[in-house]
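Numbering of ligands and ligand atoms starts at 1, following listing order.
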Amino acid sequence: MSDVLDVVVIGGGLVGGLTALLLAQGGVQATVLDAAPILDEQKVLSVANPRVLALSQATIHLLKTVNVWENLARQMPYSGMQVWNKNGYGEINFGQSSQNTPSAEHTLGSMVEPSVLNLAIQQKMLQQLQDYRTQVKVIRVEQGVGVWHIHLADGTALKTKLVIGADGANSFVREQAFIDLDILDYKQAGLTCAIRTAQPHQHVARQIFLETGPLAFLPMASLKPEQDGYWQSIVWTLPDDYAEQYAALDDTAFTALLTRESHHMLGEVLEATPRAQFPLKARAAQQYVKAGLALIGDAAHVIHPLAGQGVNIGCLDAAILCDALLHDKKRGVWAHEQTLLRYEHHRKGQNDAMMHSMSAIGWMETTQLFPVVWARNFGLKQVEQHAALKDAFMSQANGLQVLKDTCYAV
Ligand SMILES: Cc1cc2nc3c(=O)[nH]c(=O)nc-3n(C[C@H](O)[C@H](O)[C@H](O)COP(=O)(O)OP(=O)(O)OC[C@H]3O[C@@H](n4cnc5c(N)ncnc54)[C@H](O)[C@@H]3O)c2cc1C
C-alpha cells in the first residue's frame with residue numbers, strides 16, 4: 001500500500017485550499033489537484049472584482065489559523081448591517097456604522113474579492129504543500145477495493161484512501177461517485193459589479209428588498225486610496241429576463257437605474273464596472289460521503305447568495321471534516337466510514353436548513369401576496385425589537401457556534 005496516498009483533494013479553491021492547509025497544519029500532507037492555473041498577482045490586484053464574499057467571523061478565524069488572513073492584499077471589514085423592505089415598514093439593523101476602520105470588537109465580518117482570496121490561498125499552498133498541482137484535468141475517479149483511483153488526462157494514475165471533492169457547483173467528483181443532486185432553479189440571476197457612490201458606506205452592508213428581489217450594497221476595498229470608503233460591490237437578484245436587460249444597459253443608464261432603485265440610499269451612483277451575471281440555482285447533494293470519499297463546499301451544496309453564506313458554510317464543512325479526520329489520526333485511524341458519516345450527519349442537516357430558509361425568504365421577498373407582505377414586515381419588526389432574537393440571528397450568521405466543539409474553537 002506504499003503508493004496509496006492518504007488523501008487527495010480535488011479542487012483547490014477557497015474550500016479545498018483551506019482543507020488542505022488545515023490538514024497540513026495537523027501533520028497530514030494532502031495532494032491537491034486543481035483545474036485552474038496559478039493566478040498572476042499583478043493582474044489580480046490591478047482590477048476590482050465585480051463581486052465580494054462576505055466572510056463570517058468563523059471563516060476569518062479559520063483563515064487566520066492557517067496564516068492566510070494576514071497575507072490578503074485587501075479586504076474591507078464591516079461593522080453594521082441594514083436590511084429593509086421597499087414596499088413595507090419592516091427594517092432591521094445589526095451592529096453600527098463606523099466612519100473609520102471598525103475595531104476588532106465591532107467587526108461583524110469582512111468583504112473580500114474572491115480572486116484576492118484565491119491568490120492568498122494559492123500562495124500559502126505553494127509554500128506549505130508538498131504536492132499541489134494546477135491546470136490538472138481529472139478524467140476519471142473510480143472506487144476500487146479500499147482505495148479510489150484517480151486518472152488524469154496526462155496519463156498519471158493516483159491511488160488514495162480518501163478523496164475530498166471540493167471542485168465546486170458542477171462537481172466532477174460528485175458525478176463520478178454517482179451521488180445524486182437535488183436542484184431548485186430560482187429562474188433568477190445575480191447581477192454583480194463594483195460601484196462608486198456619492199456618499200460613503202461607513203462600513204455598513206445594506207440590502208433592500210425590491211419587488212423583483214433583493215439588492216445588496218456591500219462595502220469593498222478601493223483601488224484608489226483617495227476613494228476609500230465609497231466603493232461597494234452590488235449583488236442584485238433579479239428574474240432572468242430583468243438581469244439580461246439590466247446587464248445590457250450602458251453605464252449611464254445603469255447607474256441612473258441603480259440610483260433610483262436603491263432609493264438614493266448612498267446618494268448618486270457615480271460609476272460602475274462591467275457587470276457579471278450568475279445564474280441562481282440551489283443544489284444539494286443527496287449524500288455528502290461514500291466509503292473513502294467526502295464532498296465539501298459548493299460540491300455538496302449551493303445556496304441562494306441572499307445572506308452571503310455560501311462559502312462560509314463550505315469553510316465550516318472543511319473545519320468539521322478536518323477536525324474529525326485529525327482526531328482519528330491521533331488514534332491511528334484514517335478516513336473511517338463512521339468518521340465520514342459523522343461529518344455528513346453534522347453538516348448536511350444544517351446546510352439543508354440554511355438552503356431551505358434562503359429559498360423561503362427569497363420567495364417571501366418577491367411575492368406581493370398581502371399575508372406574506374404583512375408577515376415579512378412583522379417578522380423584520382419583531383426581530384428589530386428583540387435583542388435576544390437579534391443575538392440569535394448573529395450567532396447563526398457568524399458561524400462560531402459550529403466550531404465550538406472542535407480543535408478550531410475560538
Ligand atoms: C453572485 C454570488 C454572490 C455570492 N456571495 C457570497 C458571499 O457574499 N459570501 C459567501 O460566503 N458566499 C457567496 N457566494 C458563494 C461562493 O461564491 C461559493 O460558495 C464559493 O465560491 C464556493 O467555494 P468552493 O471552494 O466550494 O468552490 P469554487 O470556488 O467553485 O472552487 C472550486 C475549485 O475546483 C476547481 N475545479 C473545478 N472542477 C475541477 C476538476 N474537474 N478538477 C480539478 N479541479 C476542479 C476549480 O478550478 C476551483 O479552484 C456567492 C455566490 C454568487 C453566485
H203 and H201 aromatic ring geometry - parallel, tilted or perpendicular at 30°/60° bounds: perpendicular
Which of the numbered atoms in ligand 1 are below 4.0 angstrom from a heavy atom of [X]?
X    : value
A36  : 47 (O)
G168 : 27 (O), 30 (O), 32 (C)
N312 : 11 (O)
I10  : 42 (N), 43 (C)
A166 : 32 (C), 33 (C), 34 (O)
V15  : 23 (O), 24 (P), 25 (O), 26 (O)
L14  : 25 (O)
G297 : 26 (O)

Enclosure of H327 NE2 (heavy-atom neighbours >12, cutoff 6.0 Å): no
Does any N or O of ligand 1 fall below 3.5 Å from an N or O anywhere on [X], backbone included?
X    : value
T192 : no
A35  : yes
A54  : yes
V311 : yes

Distance under 6.0 Å and angle within 45° of ring axis: R275 vs Y246: no
Within 45° cone and under 6.0 Å: R51 NZ/CZ vs F278 ring: yes
Answer yes if the side chains of [X] and [Y] hold a donor-acceptor pair under 3.5 Å, and no otherwise.
X    : Y    : answer
H304 : Q188 : yes
Q350 : D352 : no
D34  : T134 : no
D131 : T31  : yes

Side chain proximity check, W231 to L223, heavy atoms < 4.5 angstrom: no
Ligand 1 contact by G13, heavy-atom criterion under 4.0 angstrom: yes
Ligand 1 versus K137: contacting region, heavy-atom distance under 4.0 Å: neither
Region of L55 that comes within reach of ligand 1 [heavy atoms, distance under 4.0 Å]: neither
